[in-house]
S.K.: 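Below you will find the structure I want to go over with you.
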Amino acid sequence: MTVVTRFAPSPTGFLHIGGARTALFNWLYARHHNGKFLLRIEDTDRARSTQEAVDAIFDGMAWLGLDWDGEALSQFSRVERHKEVVQALLDSENAYYCYCSPEELTAMREAAKAEGRPWRYDGTWRDRDPSQAPEGVAPVVRIKAPLEGDTVINDLVQGEVRVANETLDDMVLLRSDGTPTYMLAVVVDDHDMGVTHVIRGDDHLTNAFRQYQIFAAMNWHVPEFGHIPLIHGPDGAKLSKRHGALGVEAYRTGGFLPEAMRNYLLRLGWGHGDDEIISTEQAIEWFSLESVGRAASRFDMAKLTSLNGHYIRHGEDTSLVQTVVSVLRERGHGGLDETQKSLLLSAMPELKKRAKNANELTDSSMFLFAAVPLDFTEKAKDLLSEDAVKHLRILAGHFEGLTSWTAEQLEGHVRSYVEASDGAFKLGAIAQPLRAALTGSTVSPPVFDVMMVLGKEETLARINDVLKDRLN
RNA sequence: GGCCCCAUCGUCUAGUGGCCUAGGACGCUGGCCUUUCACGCCGGAAACACGGGUUCGAACCCCGUUGGGGUCGCCA
């Protein structure tokens, strides 16, 4: 049997972190089993569903590298089919019309609450003849759920979960306006789409029992369920925007790499021994629902950030160049020409060791493309003291005569210059002003690497610009 | 409140009765490396919620307590 999973978000906002993980787990499970991963947009709530949100889901999935099989399905497009199933349920007497008005129901609910009784629909119309229906009341259709016994679900994550049927009531299948409810639509779509494994958030666990009733009433094969624990905020409560419940879009603009995101989300609630850095290939090979934990986990931005730093440090130089280019484009700076790209590429090995995210990586590479006069930070200005400039002038003379230009040789030259001073000054007294003159900053890759990457001409131009400035 | 789920360092987790004086990672912290900042390397503090059982033996099994979470819509 081919495994078929699905991700079924409702387009009422962005694709948030929890949804992203649910999508990832579904994707991983399907890919692991060589099955199919489908995408269904649960847009039956017409008032709250927006095209922007649908696009945000598509974009988020694409960014995360979670490709789905076939076309994304709009749940709303299937209303006729849903109604058809409701009719079948009515015909087989597994469902009935209920003429209780929303007001009546609300009153009953509140009364029950006031008395501290558990509320559930009392089945008023379950066995009553529709001929007794009040005038002018549009009915809803409810399922005729079993009154006795237990419903048992062998959840792939949670294990056996059992609930007494008497605690469940006859839920609404078709609203009084004739539109199907989520509970019904999900079951019909999962069945029709051939979904074999329903992997979703823990918050749907109680829904599973009710959906089970519909599958049973239609005599349909019930899919396997895997209810994965929710992601909480750092405080253990529901994930709030302040704590990371952002759209994946926000993580992208925050400079996170999709591979870091995937790795982080995977390790949240799932583990494979002591492994921390897990490639997507390994994840596909190793993923299983059995090893998904049952407790909710807290979102930890620091760990995500650290993982992101790892993926940047170990990223391919050429792809990191592309990353910088797209950050620049997003900032409205236009792209980089080929010369600039190759300059960036040669600086990348040192640059990437110093960045936690794509934005920092971009910021720290800007000095490469700066034109004289550089923008100096206050600290950098302080480093360019009269004394320091004196050294730079002498060194510039030395550099001028060099015929080869490698970091090692440059370092050798400067070191022997320092040694010749016989302890009058140290390497730092030279290297720091040099860094300031070349980058405008006190923080940068090793200064001799900077010189090499910049090349002799540009290096001298920048030093001379500082010297010239000093003369005035 | 009813029903359901959960419980190992601050956080993510390893651990499925003896290999646990509980391992790894992030964070924190001491040090090394060093021209800056990083990276890297070495070290440290830090947890089995509590109480009862079962067992020769329990982080692992059972019961209870406490604590957390989910859910109780003609939302999804």
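A note on names: the letters A, B, ... follow the listed sequences, proteins ahead of strands, and every chain is numbered from 1.
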S.K.: Nearest-Å distance, CZ (A/F14) to P (B/rA76)?
M.R.: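 So the CZ-P distance, A/F14 to B/rA76, works out to 20 Å.
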S.K.: Using a cut-off of strictly less than 4.0 Å, decide whether A/R210 has a side-chain nitrogen or oxygen near OP1 or OP2 of B/rC72.
M.R.: no
S.K.: Mind checking if A/V161 touches a base, just sugar-phosphate, or nothing, with heavy atoms under 4.0 Å?
M.R.: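 Sugar-phosphate: the residue A/V161, judged by heavy atoms under 4.0 Å, touches backbone atoms but no base.
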S.K.: To the nearest angstrom, how far is A/M171 atom CE from B/rC74 atom C1'?
M.R.: 13 Å
S.K.: Could you label the plane-to-plane angle of the A/Y182 and A/H204 rings as parallel, tilted or perpendicular, counting under 30° as parallel and over 60° as perpendicular?
M.R.: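 Geometry flag for A/H204 against A/Y182: tilted rings.
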S.K.: Search all heavy atoms of A/L266 against all heavy atoms of A/A283 and return the closest pair with its distance.
M.R.: CD2-CB, 3.6 Å
S.K.: Base, sugar-phosphate or nothing for A/S297? Non-hydrogen atoms, less than 4.0 Å.
M.R.: sugar-phosphate
S.K.: Please report the C-alpha distance between A/T22 and A/R200 in whole Å, then the side-chain angles of each, then the deciding distance to 0.1 Å, and finally whether the side chain to side chain donor-acceptor pair (under 3.5 Å) criterion is met.
M.R.: CA-CA 6 Å; A/T22 301; A/R200 72 230 304 193; over 6 Å; no
S.K.: With under 30° as parallel and over 60° as perpendicular, where do the rings of A/Y97 and A/Y99 fit, or are they tilted in between?
M.R.: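 Plane angle between 30° and 60°, so tilted.
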S.K.: Roughly how many Å apart are B/rA38 and B/rC33, using the C1' atom of each and rounding to a whole number?
M.R.: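 It comes out at 12 Å once rounded to the nearest Å.
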S.K.: What nucleic acid atoms does A/P229 come within less than 4.0 Å of, heavy atoms only: base, sugar-phosphate, or nothing?
M.R.: nothing
S.K.: Whole angstroms only, please: what is the OH-C1' distance between A/Y121 and B/rU71?
M.R.: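 Spelled out: OH on A/Y121 to C1' on B/rU71 is 21 Å.
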S.K.: Could you tell me whether A/V447 contacts a base, only the sugar-phosphate backbone, or nothing, with contacts defined as non-hydrogen atoms closer than 4.0 Å?
M.R.: base
S.K.: Between A/N165 and A/P146 (side chain of the first, backbone of the second, donor and acceptor by atom type, cut-off under 3.5 Å), is there such a pair?
M.R.: no
S.K.: Base, sugar-phosphate, or nothing for A/Q158, non-hydrogen atoms under 4.0 angstrom?
M.R.: sugar-phosphate
S.K.: Counting the atoms with a prime plus P, OP1 and OP2 as sugar-phosphate, which does A/R48 contact under 4.0 Å by heavy atoms, base, sugar-phosphate, or nothing?
M.R.: base
S.K.: For a quick check of understanding: with a heavy-atom distance under 4.0 Å over all strands, which category does A/P446 fall into, base, sugar-phosphate or nothing?
M.R.: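 Base, at least one base atom sits under 4.0 Å.
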S.K.: Touch check for A/I430, heavy atoms < 4.0 angstrom, all strands: base, sugar-phosphate only, or nothing?
M.R.: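 Answer is nothing: A/I430 stays at 4.0 Å or more from every strand.
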S.K.: For A/R267, which contact category applies under a 4.0 Å heavy-atom criterion: base, sugar-phosphate, or nothing?
M.R.: base
S.K.: Within the structure, does a side-chain N or O atom of A/R435 lie under 4.0 Å from either OP1 or OP2 of B/rU35?
M.R.: no
S.K.: I need the residues from residues 200-209 of chain A with at least one non-hydrogen atom less than 4.0 Å from RNA chain B; give them sorted by number, or say none.
M.R.: A/D202, A/D203, A/H204, A/L205, A/T206, A/N207
S.K.: Provide the distance between the two C1' atoms, one in B/rC60 and one in B/rA49, to the nearest whole Å.
M.R.: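 Per the computed distance, 16 Å lies between those C1' atoms.
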S.K.: Rounded to whole angstrom, note down the C1' distance from B/rC48 over to B/rU13.
M.R.: 13 Å
S.K.: Kindly indicate whether the side chain of A/R354 and the base of B/rC39 share any N or O donor-acceptor pair separated by less than 3.5 Å?
M.R.: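 No such pair is found, so the answer is no.
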S.K.: Looking at every strand, decide which applies to A/T44 at a 4.0 Å heavy-atom threshold: base, sugar-phosphate, or nothing.
M.R.: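 Sugar-phosphate, backbone atoms only, no base.
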S.K.: For A/S306, which contact category applies under a 4.0 Å heavy-atom criterion: base, sugar-phosphate, or nothing?
M.R.: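 It contacts sugar-phosphate atoms only.
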